[in-house]
Structure formats: C-alpha cells, structure tokens
Peer 1: 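Okay, handing you the structure first.
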Amino acid sequence: MQAADQPLLTTKGLTRRFGGLVAVSNLDFEIRPREILGLIGPNGAGKSTTFNLISGFYKPTAGELFVFGRNCTGKSPLAISRMGLVRTFQHGSLMRSMSVRDNILLGTIHGVGRGARRRERVAETAEMLGLTPYLADEAGTLPHGLQRLVSIGIAFAARPRLLCLDEPLTGLNQTEVANTLTVLQRIRDEFGCSVLLVEHNMKAVMSVCDRIVVLHHGQHLATGTPTEIRANGNVIDAYLGHRHGH
Ligand SMILES: Nc1ncnc2c1ncn2[C@@H]1O[C@H](COP(=O)(O)OP(=O)(O)OP(=O)(O)O)[C@@H](O)[C@H]1O
Ligand SMILES: [Mg+2]
C-alpha cells in the first residue's frame with residue numbers, strides 16, 4: 001500500500017466495558033487521508049467513548065488501535081496527539097477568561113517551535129477560522145458559534161493530520177452551522193487534514209461527510225457514503241426512524 005493512501009487510523013476489535021455495560025463492542029473502522037468521516041448513532045451509542053479510546057483518554061478493554069500503521073494501543077493522549085491526532089471535547093475546551101489569541105496559542109504548545117513561529121501560527125489559524133477581528137476579545141464573551149470556532153482553532157493550531165470533533169454544531173444557529181461546515185471543508189481541502197465528526201445534526205453530517213460510520217448500542221451498524229447510509233434499512237430503523245419518528 002502507498003504511504004499516501006495508508007489510513008491515518010485503524011481500529012481492530014476495539015472494545016470498552018464499564019462494569020457490565022459494553023459501551024463499544026468489537027469495533028473495526030478506519031479513517032483515511034483527506035476525508036471527513038461522520039460517526040453517528042443515537043444517544044449512548046458509544047460515540048464519545050470511541051473518541052476517548054482513539055485519543056488515548058480511555059484504555060480499551062480489548063482490541064487494538066493503529067495510527068499510521070503503528071500500534072498505539074494503550075499510548076497516552078499526549079503521545080497520540082504528537083502523532084498528529086487532535087481532539088476537542090463534547091462540552092467545550094476553551095478558557096473562557098482568556099483572550100481568543102491566548103486560547104489558540106494553547107494549541108501551539110507542542111511541536112510548533114518558539115515565540116515568533118507560534119504567533120504566526122495563531123494568526124494563520126485565526127484567519128482560516130474568521131477569528132482575526134476577535135483575537136483580543138475574552139473568549140467567554142463571544143457568541144456561541146464563535147466560541148465553538150475558538151475550540152476548533154485550539155485543536156487545529158497544532159496542524160493535526162486528524163482533527164476529531166465531538167458535536168461541534170450543537171446549539172448553533174443555521175448561519176453558524178453553515179459557517180462551521182465551510183471551515184471543516186477548508187481544513188480538509190487546504191491543509192489535507194482528515195476530520196472525524198461526531199454529530200447529531202443529520203442534515204449537516206449528510207452534506208459534509210465523505211463517509212459515515214453508524215454505531216448502535218456500542219455495535220457497528222453500518223459504514224458507507226451519505227447516500228448509502230440514508231438508504232440503509234437498519235440505520236433508518238435504529239437511528240433515523242427512532243429520532244425523527246418516520
Ligand atoms: N466513564 C463512564 N463510566 C460508565 N459508563 C460510561 C462512561 N462513559 C460512557 N458510559 C456509558 O457508555 C455508553 C456510551 O456512552 P457514550 O458517551 O460513548 O455515548 P454517545 O454515543 O457519545 O452518546 P451522546 O450522543 O449522548 O453523546 C452509555 O451507556 C454511557 O452511559
Ligand atoms: Mg457523546
């Protein structure tokens with residue numbers, strides 16, 4: 001296999017139990033270069049647990065995790081982020097009382113270099129995200145949509161090969177959603193970064209993702225293009241039908 005086509009991340013039989021509950025069960029999937037991969041499923045399906053497993057925050061009960069073909073099972077979050085895999089948290093990861101500039105600067109702590117190089121990186125990141133006018137503002141005072149972009153900016157400032165976002169669109173209005181989706185596409189198109197998107201907003205997932213993985217009760221239910229997933233009877237029964245009542 002050509003190095004350029006090698007998956008960024010592969011899981012084999014990834015499993016995580018909490019007591020008697022199997023939150024993620026025997027999961028196999030891969031994330032490819034330059035793709036936006038959606039990870040969907042009803043509440044409690046195991047999406048955030050999968051996130052925590054692949055970013056090293058949880059150790060798997062069983063199974064393996066490969067990053068660029070290297071076995072990274074059991075590696076620390078820092079070791080995994082240094083391999084180019086960076087995440088945000090479902091309930092936000094920004095410092096509310098710090099400026100937007102200082103928040104984004106946090107994302108450049110590792111591997112970017114010294115002062116001038118880091119400041120350049122912050123400026124470039126802010127420009128990408130449309131945050132340049134807000135750099136001096138206290139992050140906690142910004143509208144919801146901009147705060148969310150700051151969280152993405154912190155993660156993207158490290159220029160990861162894979163950016164993992166847990167429900168980045170929750171609570172945003174339509175304009176903010178459209179704006180954030182454009183940012184994700186630019187991150188992919190201009191920087192060749194892959195995106196793993198955990199999201200409940202189906203319209204957004206269907207419009208922006210190249211492929212989608214569906215979880216249900218911790219189990220893998222389907223993988224496919226948005227068109228395939230929309231037409232998949234199991235998915236409609238387990239998830240779409242369940243949530244939208246048709
Ligand atoms: N740290 C934990 N301890 C015990 N149980 C947990 C823990 N984390 C998750 N779970 C359980 O594992 C299952 C999967 O949870 P998870 O948070 O991964 O779901 P999710 O797909 O992200 O859901 P949501 O859409 O609500 O965010 C749930 O039943 C949850 O209660
Ligand atoms: Mg979750």
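For the single chain, residues carry numbers from 1 onward in sequence order. Whatever order the structure lists them in is the order used to number ligands and atoms, beginning at 1. Quick note: numbers below take in every heavy atom, side chains included, and nothing from hydrogens, waters or symmetry partners.
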Peer 1: Give a yes/no verdict on a cation-pi contact between Arg70 and Phe66, requiring under 6.0 Å between NZ or CZ and the six-membered ring centre and an angle within 45° of the axis.
Peer 2: no

Peer 1: Test Thr175 against every option in Asn173, Asn179, Val177 by the side chain to side chain contact (heavy atoms under 4.5 Å, CB included) rule and name the one that passes.
Peer 2: Asn173

Peer 1: Do Gly44 and ligand 1 have an N or O pair less than 3.5 Å apart?
Peer 2: yes

Peer 1: Quick one: do Asp210 and Arg188 make a salt bridge, cutoff under 4.0 Å?
Peer 2: yes

Peer 1: Which atoms of ligand 1 sit under 4.0 Å from any heavy atom of Glu167?
Peer 2: 25 (O), 27 (O)

Peer 1: Is Asn43 close to ligand 1, meaning an N/O of one under 3.5 Å from an N/O of the other?
Peer 2: yes

Peer 1: Could you tell me whether some N/O pair between Gly46 and ligand 1 is separated by less than 3.5 angstrom?
Peer 2: yes

Peer 1: Hey, is CZ on Arg121 packed in by over 12 heavy atoms from elsewhere, all under 6.0 Å?
Peer 2: yes

Peer 1: Please confirm if an N, O or S atom belonging to Ser48, backbone or side chain, lies less than 2.8 Å from the Mg ion (ligand 2).
Peer 2: yes

Peer 1: When Ile104 is tested against each of Leu106, Val100, Asp102 for side chain to side chain contact (heavy atoms under 4.5 Å, CB included), which residue passes?
Peer 2: Val100

Peer 1: With a 4.0 Å cut-off on heavy atoms, is Phe51 in contact with ligand 1?
Peer 2: no

Peer 1: Could you tell me, atom by atom, which parts of ligand 1 come under 4.0 Å of a heavy atom of Leu21?
Peer 2: 11 (C), 12 (O), 13 (C), 29 (O)

Peer 1: Atom 16 (P) of ligand 1: which of Val198, Thr50, Thr49 has the nearest heavy atom?
Peer 2: Thr49

Peer 1: Can you check whether Ala45 has an N/O within less than 3.5 Å of an N/O in ligand 1?
Peer 2: yes

Peer 1: Of Lys47, His200, Glu199, which has the heavy atom at the shortest distance from atom 20 (P) of ligand 1?
Peer 2: Lys47

Peer 1: May I have the step-by-step check of side chain to side chain contact (heavy atoms under 4.5 Å, CB included) for Lys47 and His200, ending in yes or no?
Peer 2: CA-CA 11 Å; Lys47 305 179 297 293; His200 282 296; 3.6 Å; yes

Peer 1: Could you tell me whether Glu176 and Arg148 make a salt bridge, using a distance below 4.0 angstrom between a side-chain N and a carboxylate O?
Peer 2: no

Peer 1: One residue to check: Asp166. Relative to ligand 1, which of side chain, backbone, both or neither has a non-hydrogen atom less than 4.0 Å away?
Peer 2: neither

Peer 1: For ligand 1, which atoms sit closer than 4.0 Å to a heavy atom of Tyr58?
Peer 2: 1 (N), 8 (N)

Peer 1: Using a 4.5 Å cut-off on heavy atoms from C-beta on, say whether the side chain of Leu169 contacts that of Val205.
Peer 2: no

Peer 1: What are the two closest heavy atoms between Ile212 and Leu37, and how far apart are they?
Peer 2: N-CD1, 4.1 Å

Peer 1: Taking only heavy atoms of Ala23, which atoms of ligand 1 are found under 4.0 Å from at least one of them?
Peer 2: 12 (O), 13 (C)

Peer 1: Heavy atom of Arg16 under 4.0 Å from ligand 1?
Peer 2: no

